[in-house]
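Here is the structure we will look at.
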Amino acid sequence: MKAVIGGDVSHAVELLRAGELVAIPTETVYGLAANAFDPRAVLRVFEVKDRPAFDPLIVHIGDRVQLERVVAAWPREAEALARMFWPGPLTLVLPRHPDIPDLVTSGADTVAVRMPDHPQTRELLHATGFPLAAPSANPFGYVSPTSAWHVAQQLGDRIPYILDGGPCGVGVESTIVAPLPEGGWELLRPGGIPVERIEPLVGELAYRRKVGPPVAPGMLSGHYAPRKPVHVGDLTKLARRFQGRRTAMICFHQEHPAFRCEVLSPSGDLAEAAMHLFAVLRELDESPCEVILAEEFPEEGLGRAINDRLRRASAART
Ligand code: TXA
Ligand code: MG
């Protein structure tokens with residue numbers, strides 16, 4: 001393996017300044033970061049991830065000065081959202097600043113921006129002085145990494161450094177929202193900030209445009225998927241359907257009889273469940289089970305993001 005795993009922020013700064021890629025910790029998942037203003041470094045991000053060029057990146061900022069170099073407009077609701085949720089797991093899609101390279105936005109006239117809430121990455125952003133373009137640090141389509149080791153397992157041969165910030169506290173990616181031309185805001189991806197907390201600030205969120213190409217490929221079904229087949233639904237029925245197979249189950253707070261069973265939060269806390277979801281999916285993918293069965297989580301709070309990722313994981317094979 002080529003990558004060094006370590007906690008040296010100044011080394012990460014040096015590499016990023018030299019146009020290299022560094023995997024960085026955030027509160028949601030680990031990102032694969034490049035200087036957002038260096039098109040060659042950004043191109044490497046697409047190569048390392050095998051990511052199609054039509055899928056734009058999120059730009060991570062450390063402060064308002066960097067924000068001004070990223071967006072060309074800042075609506076009133078954006079200010080309210082940023083005040084309430086930044087630093088934190090909320091991404092805003094807004095008109096892009098002309099200095100942002102085309103590659104970052106896949107040619108779109110909007111840019112996705114967020115201020116992550118992780119001490120080392122905040123320190124890093126202040127030291128570099130430039131914003132970081134960073135998608136999740138996984139091969140395109142696979143489950144996002146929530147530890148430095150997850151990154152090393154898949155991208156360790158392709159990048160020089162993984163900044164280890166410990167396991168991610170939120171565990172699912174940021175919520176992505178965008179203002180609509182006709183007024184109001186749209187939810188592009190449920191994530192770390194529940195919609196129930198956003199709607200009081202911007203009104204009811206519209207869901208998913210019905211026409212046109214996917215606005216966020218994170219919206220594509222078949223994303224966030226392990227290699228093994230995943231089925232989501234009533235565990236008793238699923239258990240019957242897969243009788244005789246080595247089944248692994250992902251449950252919210254109660255155990256079910258299975259070849260292997262993973263309870264995400266014995267106390268029934270959706271935030272704790274979200275934090276463990278991706279690590280458990282990876283573990284089960286490596287385990288001797290044949291099929292992964294997951295129950296549906298309550299469709300509220302972080303449960304929406306959990307259900308969203310599980311459904312997409314299941315859409316990859318069924
Ligand atoms: O929590 C997160 O958001 C993590 C951490 C590393 O910050 N990042 C992340 O990035 O999940 P990624 O690239 O895996 O997902 C970003 C999503 C993609 O689905 C992309 O299509 C969408 O954001 N996106 C980026 N720019 C966009 C834009 N201008 N318009 C619409 N969607 C955009
Ligand atoms: Mg991703």
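None of the values given here were measured: they were computed from a predicted structure. Counting convention: from 1, in listed order, for ligands and their atoms alike. Residue numbers start at 1 and run along the sequence shown.
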Relative to the ring of Phe242, is the ring of His231 parallel (under 30°), tilted (30 to 60°) or perpendicular (over 60°)?
-> tilted

Could you walk me through whether Val113 and Arg96 pass side-chain contact (heavy atoms from CB on, under 4.5 Å), step by step?
-> CA-CA 10 Å; Val113 64; Arg96 78 190 252 204; over 6 Å; no

Nitrogen or oxygen atoms of [X] and ligand 1 under 3.5 Å apart:
{"X": "Thr91", "value": "no"}
{"X": "Lys49", "value": "no"}
{"X": "Thr105", "value": "no"}

Would you call Ile58 a ligand 1 contact, heavy-atom distance under 4.0 Å?
->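 It does; at least one heavy atom falls under 4.0 Å.
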
Is Asn138 close enough to the Mg ion (ligand 2) to have an N, O or S atom under 2.8 Å?
-> no

In terms of heavy-atom contacts, does NZ of Lys2 have more than 12 from other residues, nucleotides or ligands at under 6.0 Å?
-> yes

side-chain hydrogen bond (donor to acceptor under 3.5 Å, both in side chains) partner of Glu286, chosen from Lys228, Arg227, Gln153 | Arg227

Per-atom contacts of ligand 1 with [X], taking only distances under 4.0 Å to non-hydrogen atoms:
{"X": "Thr28", "answer": "1 (O), 2 (C), 4 (C), 5 (C)"}
{"X": "His60", "answer": "5 (C), 6 (C), 7 (O)"}
{"X": "Pro135", "answer": "10 (O), 12 (P), 13 (O)"}
{"X": "Arg189", "answer": "2 (C), 3 (O), 9 (C), 11 (O), 15 (O), 16 (C), 17 (C)"}

Any heavy atom of Arg51 under 4.0 Å from ligand 1? The part involved is side chain

Heavy-atom contacts under 4.0 Å between Thr110 and ligand 1: side chain, backbone, both, or neither?
-> both

Hey, could you give me the CG/CD1 distance between Leu310 and Ile250, rounded to the nearest 0.5 Å?
->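 Leu310 CG to Ile250 CD1: 6.0 Å, rounded to 0.5 Å.
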
Could you tell me the separation between the CG atom of Leu235 and the NE2 atom of His256, rounded to the nearest 0.5 Å?
-> 4.5 Å

Answer whether the closest heavy-atom distance between the side chains of Phe140 and Pro135 falls below 4.5 Å.
-> no

Side-chain touch Glu79/Leu201, heavy atoms, less than 4.5 angstrom | no

